Amino acid sequence: MTGYALALDTATDRLSAALGAPGEEVLERLVSGARRHAAEVAPVVEGLLAEAGVELGDVGEILISDGPGSFTGLRVAAAFVKALARVRNLPVYRASTLMVRAVGALQQGRVTVGSLSSALRGEVYRAAYGRSDAGGVVELAAPRTALISAAWSGEDPTAMVGDLPDESLAQAPWWGRVPYEGPPLGLPRAASLLWLRQVGAAQKIEDVAGWEPNYGRPAEAQVRWEAAHGRSLSDSAGYRR
């Protein structure tokens, strides 16, 4: 990573933005509250730049958590990043929001970290990560949707992170025997994207204009429309079925 990197995570009800450069202190801002992403993302980025005493022209790349997570939040960040990348001709790097959630536990030395988030309707998004011999991050179980009561394939991770409510955790077969860290450690943070980029775990998006986040599941409005009309809506939002 050279120059300043701008990082965004909008996969939850919390907007997280960070700005960092090699040898510089990482600056981060958080805005909590559902449906505030669209109104707050530009002012938050402007505030970070002002705090660092730099301009938008000093930003050399953008990092983004690309889901799964909040449909609306992910679309807001995707639209903002696409516009910024096109106008400034900036490269964009991505990492799964589940990987971003796991960073804090990985940095604490946990060997295998299971990352969880709510997928609504009694399901969760989950994945597992570990550290490579070279100090990077390896994906041990790819992101997928599952019932919280479903067992992991193979052995359980040695630690779990997430922001699931207690009533959901009580249904997990590993609950009570595998250490679990909820918020704040289990929440995704934009600053973690800067670390993932540093260790080579963030992937460059080659076709930014054609890229869409991994929404995980269709928006609730799409679910209601399909139920009412008895047929599938076209996949215009990029939901990965």
Side-chain angles (χ1 to χ4, degrees), residues 1-21 24 26-52 54-101 103 117 125 143 187-219 235-240:
M1 184 174 71
T2 59
Y4 281 88
L6 173 67
L8 292 173
D9 187 295
T10 59
T12 68
D13 287 346
R14 189 180 70 160
L15 163 65
S16 175
L19 184 71
E24 299 286 341
V26 173
L27 303 178
E28 186 174 23
R29 292 196 174 190
L30 304 173
V31 178
S32 297
R35 303 187 185 283
R36 297 182 62 186
H37 301 80
E40 298 288 351
V41 63
V44 164
V45 170
E46 290 173 354
L48 281 174
L49 294 172
E51 185 177 353
V54 299
E55 299 179 350
L56 188 57
D58 296 309
V59 174
E61 60 189 45
I62 309 172
L63 314 174
I64 186 169
S65 292
D66 77 336
S70 163
F71 186 91
T72 302
L74 290 170
R75 280 184 71 77
V76 167
F80 182 82
V81 166
K82 286 185 178 186
L84 190 58
R86 179 175 181 180
V87 171
R88 306 299 305 185
N89 193 30
L90 295 174
V92 180
Y93 293 82
R94 56 156 294 274
S96 168
T97 305
L98 293 170
M99 181 184 289
V100 176
R101 285 178 182 269
V103 165
S117 65
Y125 301 122
L187 289 172
R189 292 181 52 192
S192 296
L193 281 161
L194 298 174
W195 182 81
L196 289 171
R197 174 74 174 105
Q198 182 181 4
V199 300
Q203 299 178 348
K204 185 177 182 180
I205 301 174
E206 299 298 340
D207 177 18
V208 176
W211 160 83
E212 290 287 345
N214 176 13
Y215 297 104
R217 63 164 70 253
D235 193 19
S236 59
Y239 161 58
R240 300 176 193 172

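Since the structure is predicted, the reported quantities are computational estimates derived from the model, not experimental observations.
- For the atom pair L48 CG and L8 CG, the distance stands at 9.0 Å (nearest 0.5 Å).
- Residues S65 and D9 have side chains that bring a donor and an acceptor to within less than 3.5 angstrom of each other.
- For the pair P188 and R14, the tightest heavy-atom approach, listed with the atom from each and the gap, is O-NH2, 2.7 Å.
- Side-chain contact between S117 and T97: absent, with no pair of heavy atoms (C-beta onward) separated by less than 4.5 Å.
- The CG atom of L194 sits 9.0 Å away from atom CD of Q198, with the distance rounded to the nearest 0.5 Å.
- Between E61 and K204 there is no salt bridge, since none of the side-chain N atoms of the basic residue sits less than 4.0 Å from a carboxylate O of the acidic one.
- Among all heavy-atom pairs drawn from A18 and V26, the shortest one is CB-CG1, 4.3 Å.
- When all heavy atoms are compared, the tightest approach of A85 to V208 is CB-CG1, 4.2 Å.
- In this structure, the side chain of H37 does not engage the main chain of V31 through any donor-acceptor pair within 3.5 Å.
- Residue I62 holds its CD1 atom at 15.0 Å from CZ of R94, rounded to the nearest 0.5 Å.
- Counting heavy atoms from C-beta on, the side chains of R75 and P213 never come closer than 4.5 Å.
- Residue G67 comes nearest to S96 through the heavy atom pair O-OG, 3.3 Å, listed as atom of the first residue, atom of the second, then distance.
- The distance from atom CG of L6 to atom CG of L27, rounded to the nearest 0.5 Å, is 11.0 Å.
- Closest heavy-atom contact between G73 and S70: N-OG, 3.1 Å.
- Remark: E55 CD to L49 CG distance equals 9.0 Å, nearest 0.5 Å.
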**OP:** Apply side-chain contact (heavy atoms from CB on, under 4.5 Å) to L15 and L30, showing your working.
**Re:** CA-CA 6 Å; L15 163 65; L30 304 173; over 6 Å; no
Subject >> Step-by-step side-chain contact (heavy atoms from CB on, under 4.5 Å) determination, T12 to R101 >> reply: CA-CA 11 Å; T12 68; R101 285 178 182 269; 3.5 Å; yes
**OP:** Decide side-chain contact (heavy atoms from CB on, under 4.5 Å) for S192 and V100; before the verdict, give the C-alpha distance in whole Å, the side-chain angles of both, and the deciding distance to 0.1 Å.
**Re:** CA-CA 6 Å; S192 296; V100 176; 3.8 Å; yes
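- For the pair S16 (side chain) and A190 (backbone), a donor-acceptor distance under 3.5 Å is present.
- Residues L196 and V103 meet the side-chain proximity criterion, which asks for heavy atoms closer than 4.5 Å.
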Original post:
Could you walk me through whether Y4 and L19 pass the side-chain contact (heavy atoms from CB on, under 4.5 Å) check?
Top reply: CA-CA 7 Å; Y4 281 88; L19 184 71; 3.9 Å; yes
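- Residues W211 and K82 meet the side-chain proximity criterion, which asks for heavy atoms closer than 4.5 Å.
- Nearest heavy-atom pair, Y125 versus Y215, reported as atom, atom and distance to 0.1 Å: OH-O, 3.5 Å.
- Checked against salt bridge (charged side-chain N to carboxylate O under 4.0 Å, His left out), R36 has the following partners two or more places apart in sequence or in another chain: E40.
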